[in-house]
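Here is the structure we will look at.
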Amino acid sequence: MTSTRWPGTTLPRRFFRRDPRVVAPDLLNKIIARDDGRAGRIVEVEAYCGAEDPAAHTFRGPTKRNATMFGPAGHLYVYFTYGMHWCANTVCGKEGQGWGVLLRAIEPVAGLEAMREARGNPARLKDIGSGPARLAQAMGITGGQDGADLIKGDRGFRVLDDGTPPPLDPVAGPRIGISQAKDHPWRWYVRGNPYVSGSRLARKS
DNA sequence: GGTAAGATCAGC
DNA sequence: CTGATCTTACCA
């Protein structure tokens with residue numbers, strides 16, 4: 001395999017040891033990269049805030065499923081939902097807080113063909129990574145990557161800074177697909193980016 | 001032990 | 001708008 005790593009520096013762990021409402025907008029325009037060459041620019045995220053957030057998986061305390069999210073920052077929390085989809089988060093804050101940022105959309109920047117194939121060869125480029133489950137499928141993220149260290153890259157995944165700064169004017173709004181704590185504006189995305197998900201859901205109050 | 005809901009997506 | 005598909009969490 002050609003390790004064509006997308007150019008950039010691995011984010012330091014301290015980047016993730018903060019409040020997810022600070023980390024989330026700061027993650028916009030960063031790169032989620034895999035050692036096999038697949039990489040995408042993060043263009044949409046949501047913050048989940050543990051014990052103070054009824055919509056968070058960690059709201060009611062530790063369980064077998066959410067254990068990773070209570071662990072150290074900078075790891076990948078992967079969960080299975082709707083009987084068929086995997087979704088990926090970066091763990092934030094201090095151990096025990098259960099904080100994280102859901103990765104909701106990427107713009108493919110490398111390993112395009114591998115991503116397209118992993119998604120079942122969709123016709124439109126936009127359908128490769130615009131949505132949390134699509135993003136995970138495109139990158140090949142499943143339960144086997146739950147707990148992966150995004151700083152050490154122990155399982156082939158890293159978050160990189162390639163020099164593109166976060167947007168100065170990110171759009172903030174309510175999170176998508178939740179039934180509790182709907183009003184917190186804890187979703188951020190890159191204004192005008194065509195790879196952002198949820199245009200349909202985002203419109204419904 | 002039973003059951004309802006789920007941080008979604010694709011197809012009609 | 002609806003069906004797919006199954007794990008988890010919560011209640012009895």
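Throughout, a chain's letter reflects where its sequence line sits, starting with A, and its residues are numbered from 1.
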With a 4.0 Å cut-off on heavy atoms, is A:Ala133 in touch with a base, just the backbone sugar-phosphate, or nothing at all?
sugar-phosphate
Rounded distance (Å) that lies between atom P of B:dA4 and atom OH of A:Tyr82
16 Å
Rounded to whole Å, the CZ-C1' distance (A:Arg21 to B:dA7) equals 16 Å
Short N-O contact, A:Lys152 and A:Asp154, less than 4.0 angstrom
no
Minimum-distance nucleotide (side-chain atoms of A:Arg60 versus C:dA9, B:dG6, B:dA7)
C:dA9
Quick check: on DNA chain B, is the nucleotide nearest A:Tyr79 upstream (toward 5') of the one nearest A:Arg119, or the reverse? Name the residue that is more 5'.
A:Tyr79
Tell me whether the OP1 or OP2 atom of C:dA9 has a side-chain N or O from A:Thr63 closer than 4.0 Å.
yes
Length of the line joining A:Arg175:CZ and B:dA7:P, which is rounded to integer Å
10 Å
Write down the distance between CZ (A:Phe59) and C1' (C:dC10), rounded to a whole number of angstrom.
15 Å
Using a heavy-atom cut-off of 4.0 Å across all strands, would you classify A:Asp127 as base, sugar-phosphate, or nothing?
nothing
Validation: residues 77-97 of chain A side-chain donor-acceptor distances under 3.5 Å, sequence neighbours left out:
| from | atom 1 | to | atom 2 | distance (Å) |
| --- | --- | --- | --- | --- |
| A:Tyr77 | OH | A:His57 | ND1 | 2.9 |
| A:Asn89 | ND2 | A:Tyr77 | O | 3.2 |
| A:Gln97 | OE1 | A:Lys94 | N | 2.6 |

Is A:Arg65 touching bases, backbone alone, or none of the nucleic acid, heavy atoms closer than 4.0 Å?
sugar-phosphate
Run the side chain to side chain contact (heavy atoms under 4.5 Å, CB included) test on A:Met115 and A:Leu135 for me, step by step, so that the C-alpha distance in whole Å, both residues' side-chain angles and the decisive distance to 0.1 Å come before the verdict.
CA-CA 9 Å; A:Met115 282 197 231; A:Leu135 174 165; over 6 Å; no
Could you tell me which nucleotide pairs with C:dC11 by Watson-Crick or G-U wobble geometry, both distances under 3.5 Å, or answer none if nothing does?
B:dG1
Proximity to the side chain of A:Arg134 - top-ranked nucleotide from C:dA4, B:dC9, C:dC10:
B:dC9
What is the separation between atom NZ on A:Lys182 and atom C1' on B:dA5, rounded to the nearest whole Å?
13 Å
Sort out the partner of B:dG11 for me: Watson-Crick or G-U wobble, both distances under 3.5 Å, none otherwise.
C:dC1
Can you tell me how far C1' of C:dT8 sits from OH of A:Tyr77, to the nearest Å?
10 Å
Once you apply a heavy-atom cut-off of 4.0 Å, does A:Ile178 come out as touching a base, just sugar-phosphate, or nothing?
sugar-phosphate
Think A:Ser179 has a side-chain N or O under 4.0 angstrom from the OP1 or OP2 of B:dG6?
yes
Whole angstrom value for the distance that separates C1' of B:dA10 from NZ of A:Lys126:
14 Å
Taking the side chain of A:His85 as heavy atoms from C-beta outward, which of B:dA7, B:dG6, B:dC9 is closest to it?
B:dC9
Path from A:Phe59 to A:Trp99 over hydrophobic side-chain contacts below 4.5 Å:
no
Separation of B:dT8 C1' from A:Arg187 CZ (nearest whole Å)
14 Å
Answer yes or no: is there an ion pair linking A:Arg41 with A:Asp162, defined by an N-O contact shorter than 4.0 Å?
yes
